[in-house]
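Remember, it's 1-based here, ligands and their atoms both numbered in the order they're listed.
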Amino acid sequence: MPLPDGYSLQPLTLEHAPALAAAYARNREHLAPWDPERPEEFYTPEGQAASLVERLRLEEQGLFSNFTLFAPDGDVVGRANLQNIIRGTMQGGTLGYWVDKDHLRRGLAAAAVEFLEEQALALGLHRLEAGTMVENLPSQRVLLARGFEQYGMAPKLLFLNGAWRDHVLFQKVLHDRPLS
Ligand SMILES: CC(C)(COP(=O)(O)OP(=O)(O)OC[C@H]1O[C@@H](n2cnc3c(N)ncnc32)[C@H](O)[C@@H]1OP(=O)(O)O)[C@@H](O)C(=O)NCCC(=O)NCCS
């Protein structure tokens with residue numbers, strides 16, 4: 001399922017900082033239930049630039065692969081990332097994604113997850129995982145729509161929105177070839 005017409009996922013660069021700051025400011029309430037508490041600086045171009053420098057440093061180390069979602073009009077309307085990439089005998093990564101409140105329910109997250117699966121395969125990864133808060137039914141639907149399977153439940157996994165939150169754990173095995 002490709003991205004809808006005119007939308008694109010582009011590799012994260014430092015130039016995305018101002019548009020990302022604006023997108024996070026527009027989506028503050030939409031993202032608040034699922035995110036850590038953010039300092040005010042996070043919503044400024046400077047704060048975003050500092051955050052992106054750190055992300056890009058992790059990318060250089062092969063630990064992350066970061067993408068920005070653009071709408072047809074050029075606005076930033078989301079992000080999609082491979083996070084915490086682990087090599088060795090695991091060859092795995094963790095998904096992260098969000099979509100702008102005014103662009104929901106048009107297949108963007110599902111297409112972004114499919115895109116991340118392709119990126120992961122190109123990186124030689126074997127398995128992807130994702131954890132969603134128990135209450136995050138929309139995100140669980142996205143993963144199920146992409147063929148992820150629930151494999152567990154992690155009590156108090158992440159400190160989000162002011163408390164340690166229970167998470168449903170999903171995974172997808174991308175291929176079954178031996179480790180080369
Ligand atoms: C979760 C989120 C990414 C979904 O984005 P989206 O672009 O609207 O999702 P899609 O349009 O690709 O939907 C994919 C599937 O999920 C379902 N879905 C999406 N949102 C839903 C909702 N609110 N209620 C029920 N089902 C929903 C769709 O119906 C579709 O399923 P289908 O193929 O069986 O019809 C978006 O709501 C979001 O950004 N939420 C806040 C941040 C967040 O939760 N990030 C993930 C943290 S784990």
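The two atoms that bring R79 and L20 nearest to each other are CD-CD2, 3.7 Å, heavy atoms only.
In summary, the side chains of R106 and Y7 do present a donor paired with an acceptor at a separation below 3.5 Å, with no hydrogens or angles considered.
The shortest contact between atom 17 (C) of ligand 1 and any protein heavy atom is with R141 CB, 3.5 Å. Shortest contact from atom 38 (C) of ligand 1 to any protein heavy atom: H30 NE2, 3.7 Å.
In this structure, G131 is part of the shell of residues with a heavy atom less than 4.0 angstrom from ligand 1. Distances from ligand 1 to the non-hydrogen atoms of V142 include at least one value under 4.0 Å. Not a single heavy atom of M133 sits closer than 4.0 Å to an atom of ligand 1.
Heavy-atom contacts of A110 reach the following atoms of ligand 1: 12 (O) (cutoff under 4.0 Å).
In this structure a side-chain-to-backbone donor-acceptor pair under 3.5 Å is missing from Q83 to L63.
The pair E129-R127 meets the salt-bridge criterion, with a side-chain N (NZ, NE, NH1 or NH2) lying under 4.0 Å from an Asp/Glu carboxylate O.
Taking only nitrogen or oxygen atoms, main chain and side chain alike, A109 reaches within less than 3.5 Å of ligand 1.
For E118, the CD atom counts as densely surrounded, since its 6.0 Å shell holds more than 12 non-hydrogen atoms of other residues, nucleotides or ligands.
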